[in-house]
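Residue numbers start at 1 and run along the sequence shown. Counting starts at 1 for both ligands and their atoms, following the listed order.
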Amino acid sequence: MVEEKYMTAAETTENKSKGKGSDYTAATIDVLEGLEAVRKRPGMYIGSTGPRGLHHLVYEIVDNSVDEALAGFCKNIEVTINEDNSVTVIDDGRGIPVDKVAKTGKSGVETVFTVLHAGGKFGGGVYKVSGGLHGVGASVVNALSVRLVVEVSRDNKVYKQEYKRGNAVGGLEVIGSTDKTGTKVTFWPDDEIFHDVNEEAERVHIVVEHDTLATRLREMSFLNKGLRITLTDKRSDKSGTYYYEGGIASYVEYLNDTRTALHKPPIYFEIARDEVVVECALQWTDMYSESIYTFVNNINTHDGGTHLTGFRNALTRVINDYARKSGSIKESDSNFTGEDVREGLTAIVSVKVPEPQFEGQTKERLGNREVQGITQSITTESLSDWLELNPKQSKEIIGKAIQARSAREAAHKAKVLVRRQSALENSSLPGKLADCSDRDPAKCEIYLVEGDSAGGSAKQGRNRQFQAILPLRGKILNVERVQPTRIYENAEVQAMIQGLGLSVKEDDENGGGKGSGLLRPNAENLDLAKLRYHKVIIMTDADVDGSHIRTLLLTFFFRYAKPMVEQGYVYIAQPPLYKVEKGKRIEYCYNEHKLEAVMAELGDKAVIQRFKGLGEMMPEQLWETTMNPETRTLKKVTIEDASEADHVFDLLMGEAVGPRREFIERNAHLVGNLDV
Ligand code: 28F
């Protein structure tokens with residue numbers, strides 16, 4: 001079964017950096033061993049040698065420029081993807097120091113580009129993006145580049161040094177004079193390291209993608225207000241400038257641009273305490289889900305941490321206190337839960353911490369205990385002041401929390417969910433689920449198939465030992481726009497919840513009460529131990545309808561079962577688009593590119609069949625091409641950037657027809673094959 005897998009080229013190529021003979025200082029040996037280690041196991045330093053790892057190289061170099069901005073010396077960063085797929089980054093910071101660094105006996109420039117983690121150890125701004133665990137530093141980029149050229153402008157001179165696969169090919173030379181300061185780096189990623197493996201297990205070269213960089217660079221400019229970042233793609237002449245005076249308040253407005261805000265502008269505050277800077281932007285909308293993104297020194301902490309805990313504690317406390325003090329809720333009324341006050345909230349919490357401690361498997365959770373109290377006290381003071389000063393808008397916000405609380409309590413009282421929960425418990429499975437015979441979830445997979453005809457051929461084509469089929473009728477509920485409790489009323493969603501065995505852990509703090517089983521947006525207490533299949537495979541037609549239902553399903557999983565996506569349980573089946581036949585030869589083509597190649601090979605005598613829908617395929621064809629683990633390709637759904645995914649779904653699901661129409665037209669390829 002082919003899943004996403006990248007070979008580390010270094011495992012296939014002897015490392016060429018080993019020099020022969022001449023004397024090495026300790027530092028030189030350290031450098032050689034460091035660079036060799038990077039080329040031997042690049043995945044250890046940049047995560048993977050696939051597209052994500054390749055883009056990581058760009059982020060490492062840009063992060064060094066952002067460090068200069070954080071230190072207050074850089075205002076502009078230019079990123080260019082050149083025609084030959086090399087990348088150039090230019091900043092107008094102070095320019096990397098050129099004098100000798102005592103520790104390494106090399107110039108500051110050579111230190112930054114040849115000593116591992118140099119960026120972190122050698123000064124620079126107080127809050128280092130690249131200095132953190134996430135920043136492996138520019139030396140890793142250098143080691144994984146077939147060539148790298150750095151030019152430094154400072155002290156009225158332009159200095160230049162060149163490297164090949166991390167090794168300096170000359171000294172730091174003065175090549176000119178200037179009255180500017182700054183640093184310019186161009187690097188050519190080493191395609192011995194970065195390549196993809198396609199269906200035919202052939203190596204295909206991977207290149208930097210404009211849109212991928214644009215998302216991260218836009219986020220960087222939101223996080224660093226006043227920093228101008230331009231991106232130019234010389235291969236397509238696409239270019240964009242990201243510059244937000246409003247910083248994360250503009251970020252919140254960007255995320256909410258397809259929603260109806262309850263107050264304008266977003267609430268914003270930035271306060272420093274004990275060397276920690278807490279910067280927050282909040283805006284409530286008419287949505288039912290919450291979107292809170294947190295950052296430490298510009299690093300996205302997807303798993304939250306002490307800053308998020310402090311923020312959420314303050315939010316719940318302040319909203320409850322204000323609601324009572326302003327008489328919006330009576331003494332006898334119950335308190336709002338955290339979920340109630342966060343319903344419809346979009347917020348960015350961005351803290352700057354001198355010595356951040358990251359925890360968790362992916363090091364994306366902040367551990368510093370002191371930051372919780374600092375964030376909590378700053379948020380309490382700032383939010384209380386804002387509520388006092390904006391009584392009209394505060395009333396809107398409290399009104400939303402009141403709605404959320406009553407919906408939760410109504411659902412709880414109605415016991416609708418408890419009945420549902422007992423139904424789940426005695427596992428009365430939906431009628432149309434064609435279950436598999438194996439009972440071990442780890443071995444089982446379920447196909448969510450659109451329409452009864454495709455469901456029929458999937459049931460016939462499958463291996464009933466470990467493959468279950470759940471046909472889903474037409475457009476399932478658009479979960480984006482309804483009260484969380486109403487999703488259970490939708491037969492399709494309920495069949496899926498029961499079929500998959502989705503439920504929350506008993507003692508959920510959301511006040512749904514014992515055994516409420518309430519599946520709410522952003523459920524963190526999803527009980528994956530009860531999941532009945534460890535592969536949930538979305539199999540829809542390759543047309544716009546199919547991609548719409550796939551997007552609805554993905555929205556449901558993102559909003560109500562995010563851990564399922566994060567832990568890699570959700571997949572998208574890849575049915576073939578064409579069948580090409582010539583004599584005995586049959587070829588299935590999964591994309592236009594492959595079709596062209598096969599047609600070129602077989603010539604125009606070949607007969608092409610375009611599969612418009614899964615239902616057109618014979619059951620054994622469907623098995624052979626799309627369901628047989630030996631021959632199929634499954635695309636694992638990963639959350640590359642929840643905020644982007646959030647935004648994409650919002651555009652697709654939101655009520656703002658204009659932006660959606662424009663988005664679908666601009667991204668037909670994306671919507672057609674939504675892969676986030
Ligand atoms: C396009 C990539 O890498 N910009 C950088 C600086 C500035 C300083 C610095 C960098 C000091 C001795 C290591 C300057 N003046 N853009 C970049 N701009 N690194 S990287 O210092 C790094 C250490 O060697 C800098 C005073 N302090 C720091």
Side-chain angles (χ1 to χ4, degrees), residues 27 30-31 34 55-82 86-132 134-145 147-163 166 168 171-172 178 180-189 208 213 216-217 220-221 224 227-232 242 297-298 354:
D30 282 354
V31 165
H55 290 87
H56 208 90
L57 300 191
V58 184
Y59 305 150
E60 282 304 330
I61 300 296
V62 169
D63 282 353
N64 277 344
S65 300
V66 172
D67 279 349
E68 269 302 272
L70 277 175
F73 296 99
C74 159
K75 281 278 165 248
N76 297 285
I77 301 173
E78 290 170 48
V79 182
T80 306
I81 309 172
N82 302 309
S86 63
V87 177
T88 298
V89 183
I90 303 173
D91 72 43
D92 57 359
R94 292 166 290 186
I96 306 176
V98 294
D99 41 354
K100 280 243 171 312
V101 172
K103 246 188 186 170
T104 63
K106 295 164 177 302
S107 70
V109 176
E110 193 164 341
T111 300
V112 167
F113 285 96
T114 62
V115 177
L116 281 187
H117 287 288
K121 286 184 215 136
F122 296 86
V126 176
Y127 307 111
K128 300 280 291 176
V129 179
S130 54
H134 301 261
V136 286
S139 52
V140 169
V141 181
N142 197 9
L144 301 176
S145 296
R147 184 173 169 228
L148 184 144
V149 177
V150 54
E151 288 178 20
V152 167
S153 300
R154 68 181 281 139
D155 318 326
N156 296 108
K157 290 192 183 72
V158 182
Y159 300 84
K160 177 176 177 179
Q161 185 158 25
E162 195 158 330
Y163 308 85
L172 183 64
T178 174
K180 297 196 179 69
T181 62
T183 304
K184 172 181 180 181
V185 173
T186 302
F187 65 94
W188 287 256
V208 171
L213 287 192
R216 177 63 185 155
L217 296 179
M220 266 306 184
S221 61
N224 296 276
L227 172 62
R228 184 187 317 283
I229 304 180
T230 62
L231 171 61
T232 306
Y242 304 107
N297 299 355
N298 294 330

Practice task
For V112, counting its heavy atoms only, list the atoms of ligand 1 lying under 4.0 Å from any of them.
Solution key: 13 (C)
Tabulate below the donor-acceptor pairs under 3.5 Å that side-chain atoms of residues 72-79 make, not counting sequence neighbours, or state none.
| unit_1 | atom_1 | unit_2 | atom_2 | d |
| --- | --- | --- | --- | --- |
| N76 | OD1 | R228 | NE | 3.2 |
| N76 | ND2 | D92 | OD2 | 3.0 |

Practice task
Could you pull out, from R154, E68, R94, the option with a heavy atom nearest to atom 26 (C) of ligand 1?
Solution key: R94
Completion exercise
Checking heavy-atom distances from atom 20 (S) of ligand 1 to each of V89, I61, T186, I96, the winner is I96
Problem - Steps toward side-chain contact (heavy atoms from CB on, under 4.5 Å) verdict (M220, V66) - result: CA-CA 8 Å; M220 266 306 184; V66 172; 4.1 Å; yes
Problem - Per-residue contact class, E110 against ligand 1 - non-hydrogen pairs under 4.0 Å - result: neither
Practice task
Provide the number and element of each atom of ligand 1 under 4.0 Å from a heavy atom of G108.
Solution key: 24 (O)
Problem - For T178, all residues meeting side-chain contact (heavy atoms from CB on, under 4.5 Å), sequence neighbours excluded - result: S153, V158, K180
Handout entry: K106 and V101, any side-chain heavy atoms less than 4.5 Å apart
Key = no
Exercise for the section: State the atoms of ligand 1, each with its element, that fall below the 4.0 Å cut-off from a heavy-atom position in T183. Expected result: 1 (C), 4 (N), 5 (C), 16 (N), 17 (C), 18 (N)
Exercise for the section: Could you tell me whether some N/O pair between S65 and ligand 1 is separated by less than 3.5 angstrom? Expected result: yes
Exercise for the section: Side-chain contact test, heavy atoms from C-beta onward, threshold under 4.5 Å: evaluate it for Y159 versus V109 and give yes or no. Expected result: no
Handout entry: D91 N/O under 3.5 Å from ligand 1 N/O
Key = yes
